[in-house]
Amino acid sequence: MFRVRFAPSPTGYLHIGSARTFIFNWLYARHNGGTMILRIDDTDVERNTQASLDSIFEGLKWLDLNWDEFYRQSERGDLHRKLANEILAKGHAYRDFTPAVTTEGEHSGGWLFNPGMRELSTEESERRAAAGEPFVVRYRVPRESRESVSFTDLVYGPQTKATADIEDFALLRSSGVPTYHMASCADDADLRISHIIRGQDHLTNTFKHQLIFEALGVEAPNFAHLPLLIAPDGAKLSKRKHGPVVSVTTYRDAGFLPHAFVNFVCLLGWSPKDDREKLTRQELTDIFTLEGVNRSNATINFTDADPFDPKAVWLNAEMIRTMPLDELAAQLLPFVAVELPRIRQIAPLIQERIKLLSEIKTVADFIFHDALAPYDAAELIPQKGDAAMAASALASAEEILATATFNHDGLDKALRAGAELLKVKAGQMFQPIRVAVCGRKNAPPLFETLEVLGREVCLSRIAAARRLLKESA
RNA sequence: GGCGCUAUCGUCUAACGGUUAGGACAGAGCCCUCUCAAGGCUUAAAUACGAGUUCGAUUCUCGUUAGCGCUACCA
């Protein structure tokens, strides 16, 4: 019975590291025929935002990742408090009436608990609580009765920590609201989570969680911690420091294919061990195992100039190149204000020229704008040619295009014949035409481009180019 | 500071204790070609450092160094 959960706290948008955690959980669940649970860990009322919650749903929707059960911690407070009080009643926790220390508080060197509070008698504790004195409930780490706490991580192996190094952490805040540790463990126990797959930043917290599960009298779930995703500067990814490049929606808006993103992220901290890189979703679910997860942090390689990891871009370009044209056209639709049938015509022209879907706007700009952006007449002059050659090529092209069969083969034949007649190389004939119709030298192949543009547009742009050439002479 | 985790090309990674340390991306060069791409071929590039165990260490042990994480009434 495999039950896994992704438990984000809605205090920022869905970022790439969280997305990977979801994906690994999802893959693990699907691989094992288990249950994927989405649980919103919103116990920190101060920092929760609706925008953040929306961003989580938006991101997961885009990635086309689903879940089988959904919970919100804020609706389960009764359970958390009940279990916390059980722990208190059993004597595994105590009330700490010490007021929260101010910022200049003196707890500099390794205090584990507030002296005296652990030893308060039950009677006094009850009395002061009843009198309305504020308190937090702290776990009573069993330093006297026990040397250490241990568990075996499915990724990092056997882990042990001395109880002497674990502080008496809070279970309930003075407001009565459970802390992350309490709420998380209470829910994991109640939801019968079998495997907790989460970021390595929780590895040392796991000893505390182990203690909570024990106090609750339930068997602890299995743990698998994932190496962290870090920025090229070695720091943990953060919006403040690294900007929107860490947000999943940034990838979407830039024109990544959802699966390219998933594929890329899977390669960070996990390997199929057989040199395969491009993997379909089915292949990923088939071969994903925790044994393939490695232990060292992975750097996402980006710069200010180039905000996306080159490998992610490459994967995206690969998928764009190999996908059916109808599907590509559908993916391209949100990026331009053009009808689907027209995009379908353009798609073959740009399929192997764009790395990101959004690049359709620049690579095929000459199709979307009636008027070409101004260009220098010198651009029209072919390699090893002069203005006269450009002029005659364009004059000839105008004539040819007026009557030629307007498809690839027809244009190919007619234009090559025209070049021969002018005694110029094919390239010298084509270049002026390309610049005339596209407004620049680098563009998709000529014949297909002419065909998609249509006779009328081509002729008028060539006429305009001839005028430009004359004016600049 | 304390505790923990990690360390292979620039990046992501592979390698039962025995390999010329492999692959991919990015880079460089060549080819193909109507430009740009795409594609093909070639190339450069790594075991953090020091001990130990062993016939033999990227792999096991210890130490050093570095990076990261945790050390909250954040999650």
Side-chain angles (χ1 to χ4, degrees), chain A residues 7-12 41-44 46-48 96 98-101 105 107-112 134-138 153 156-157 159-162 164-167 169-181 183-184 198-208 225 227-228 230 232 234-236 264 267-278 294-302 306 309-315 317 321 349-355 363 382-383 412 415-416 419 425-431 433-435 438 440-447:
Chain A
S9 57
T11 55
D41 278 11
D42 51 357
T43 54
D44 185 2
E46 304 281 299
R47 294 167 60 210
N48 293 336
D96 179 357
T98 315
V101 283
H107 63 283
S108 48
W111 54 270
L112 262 23
F135 61 86
V136 304
V137 172
R138 287 187 186 282
D153 189 271
Y156 286 89
Q159 304 291 318
T160 297
K161 187 160 184 156
D165 292 324
I166 305 174
E167 69 281 5
F169 53 96
L171 259 25
L172 249 31
R173 300 179 171 95
S174 51
S175 60
V177 177
T179 61
Y180 160 74
H181 300 300
S184 178
R198 59 179 12 167
Q200 195 238 50
D201 47 348
H202 285 297
L203 189 62
T204 43
N205 284 332
T206 305
F207 298 102
K208 296 173 190 169
H225 288 88
L228 264 22
I230 59 178
K236 200 165 137 179
F264 168 65
L267 263 16
L268 261 17
W270 173 82
S271 161
K273 311 272 187 202
D274 61 2
D275 288 346
R276 275 191 293 174
E277 308 241 70
K278 270 176 68 187
N294 59 25
R295 287 172 287 277
S296 48
N297 293 347
T299 305
I300 298 183
N301 203 2
F302 62 82
D306 212 342
D309 191 304
K311 195 147 200 173
V313 174
W314 169 76
L315 233 20
R321 279 196 288 274
L349 253 42
I350 62 169
Q351 183 169 34
E352 55 188 33
R353 291 181 176 72
I354 58 173
K355 292 177 156 58
V363 171
Q383 284 279 310
D412 187 336
L415 258 12
R416 278 184 200 279
K425 287 186 178 165
Q428 292 174 314
M429 174 81 181
F430 299 162
Q431 194 67 353
I433 305 174
R434 187 192 326 280
V435 174
C438 299
R440 55 187 152 82
K441 284 179 176 168
N442 298 345
L446 189 60
F447 313 131

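Keep in mind the model is a prediction, meaning the values are calculated, not measured. A, B, ... follow the sequence lines: proteins, then strands. Residue 1 opens every chain.
Among the protein residues, A/His202 comes within range of the nucleic acid bases, having at least one heavy atom under 4.0 Å from a base atom. Contact annotation for A/Pro444: base contact, defined as any heavy-atom pair under 4.0 Å involving a base atom. At a threshold of 4.0 angstrom between heavy atoms, the contacts of A/Pro445 include nucleobase atoms, whether or not backbone atoms are also involved. Counting any heavy atom pair closer than 4.0 Å across all strands shown, A/Lys236 reaches sugar-phosphate atoms only and no base atom.
Shown here are the side-chain contact (heavy atoms from CB on, under 4.5 Å) partners of A/Asp412, two or more places apart in sequence or in another chain: A/His408, A/Arg416, A/Phe447. Every residue meeting the ring-ring contact (aromatic ring centres under 6.0 Å, His included) condition with A/His202, not counting sequence neighbours, appears here in chain and number order: A/Tyr180. Remark: A/Phe135 pairs with A/Phe97 by the ring-ring contact (aromatic ring centres under 6.0 Å, His included) rule, at least two apart or across chains. For A/Lys441, the side-chain contact (heavy atoms from CB on, under 4.5 Å) partners are A/Glu379, A/Gln431, A/Val435, not counting sequence neighbours. Under the side-chain contact (heavy atoms from CB on, under 4.5 Å) criterion, A/Asp42 pairs with A/Pro10, A/Ile40, A/Asn48, A/Arg72, A/Gln73, A/Ser74, not counting sequence neighbours. Residues satisfying the salt bridge (charged side-chain N to carboxylate O under 4.0 Å, His left out) test with A/Asp96, not counting sequence neighbours, are A/Arg138. For A/Asp275, there are no side-chain contact (heavy atoms from CB on, under 4.5 Å) partners at least two apart in sequence or on another chain.
Rounded to whole Å, atom C1' of B/U33 lies 13 Å from atom CG of A/Asp412. Atom NZ of A/Lys278 and atom P of B/A24 are 14 Å apart (whole Å). Protein atom NZ of A/Lys208 is 7 Å distant from nucleotide atom C1' of B/C70, rounded to whole Å. Rounded to an integer number of Å, the gap from CG of A/Leu172 to P of B/A72 is 18 Å. Distance, A/Ile230 CD1 to B/A7 P: 13 Å, rounded to whole Å. The CG-C1' distance, from A/Leu349 to B/C34, rounds to 14 Å in whole Å. The distance from atom CD of A/Gln431 to atom P of B/U33 is 17 Å, rounded to the nearest whole Å. Between the CZ atom of A/Phe447 and the P atom of B/C36 there is a distance of 15 Å, rounded to whole Å.
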Is there any protein nitrogen or oxygen under 3.5 Å from a nitrogen or oxygen in nucleotides 27-30 of chain B, and what are the pairs?
none

What N/O pairs connect the protein and nucleotides 57-60 of chain B at under 3.5 Å? Give each pair on its own line.
none

Would you tabulate the nitrogen or oxygen pairs shorter than 3.5 Å linking the protein to nucleotides 3-5 of chain B?
{"residue": "B/C3", "atom": "O2'", "partner": "A/Lys161", "partner atom": "NZ", "Å": "3.3"}
{"residue": "B/C5", "atom": "O2'", "partner": "A/Gln200", "partner atom": "NE2", "Å": "3.0"}

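Of the P atoms belonging to B/C5 and B/U61, the separation is 12 Å, rounded to the nearest Å. Between B/U47 and B/G69, the distance separating the two P atoms is 27 Å to the nearest Å. Atom P of B/C49 sits at a distance of 23 Å from the matching atom of B/U54, rounded to the whole Å. Comparing the same atom, C1', in B/A14 and in B/G52 gives a spacing of 28 Å after rounding to whole Å. To the nearest whole angstrom, the two P atoms, one in B/U58 and one in B/C3, are 31 Å apart. Taking the P atoms as reference points, B/A75 lies 46 Å from B/A24, given to the whole Å. Comparing the same atom, C1', in B/A28 and in B/A45 gives a spacing of 11 Å after rounding to whole Å. Rounded to whole Å, the C1' atom of B/C32 lies 43 Å from the corresponding atom of B/G18.
The closest side-chain heavy-atom distance from A/Arg353 to A/Asn442 is not below 4.5 Å. Contact annotation: the side chain of A/Pro227 approaches that of A/Tyr156 to within less than 4.5 Å [non-hydrogen atoms, C-beta and beyond]. Annotation: side chain of A/Thr206 is not in contact with side chain of A/Asp153 (no heavy-atom distance under 4.5 Å).
A/Leu172 pairs in a side-chain contact (heavy atoms from CB on, under 4.5 Å) with only one of the listed residues (A/Val137, A/Val136, A/Val177), which is A/Val137.
With a 3.5 Å ceiling on both atom-pair distances, the Watson-Crick or G-U wobble partner of B/C3 is B/G69. For B/C25, the paired nucleotide is B/G10, the pair qualifying as Watson-Crick or G-U wobble because both relevant distances are below 3.5 Å. With both pairing distances under 3.5 Å, B/A44 is matched to nothing as a Watson-Crick or G-U wobble pair. Base pairing of B/U33 is not made with any nucleotide, judged by Watson-Crick or G-U wobble geometry with both donor-acceptor distances under 3.5 Å. B/C60 and B/G52 make up a base pair, with Watson-Crick or G-U wobble contacts both under 3.5 Å.
Of the two residues near RNA chain B, A/Arg416 and A/Ala7, the one whose nearest nucleotide lies more 5' is A/Arg416.
Side chain of A/Asp309 to backbone of A/Asn301: a donor-acceptor contact under 3.5 angstrom is found. Counting only distance, with no hydrogens or angles, the side chain of A/Gln383 and the backbone of A/Gln428 share no donor-acceptor pair below 3.5 Å.
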Checklist outcome for this item: Nucleotide by nucleotide, nucleotides 37-49 of chain B touches protein heavy atoms under 4.0 Å in the pattern (B base, S sugar-phosphate only, - none) BSS----------

Item to check | Base-contact (B) and sugar-phosphate-only (S) positions in nucleotides 9-19 of chain B, heavy-atom cut-off under 4.0 Å, - elsewhere | outcome: --SBSSS----

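Close to B/G23, at under 4.0 Å from its OP1 or OP2, lies no side-chain N or O of A/Arg276. Applying the 4.0 Å criterion to OP1 and OP2 of B/A75, one finds that A/Thr43 has a side-chain N or O inside that range.
The line from CZ of A/Arg198 to NE2 of A/His225 is 4.0 Å long, rounded to the nearest 0.5 Å.
If you check distances only, the side chain of A/Asn205 does reach the base of B/A75 with a donor-acceptor pair under 3.5 Å.
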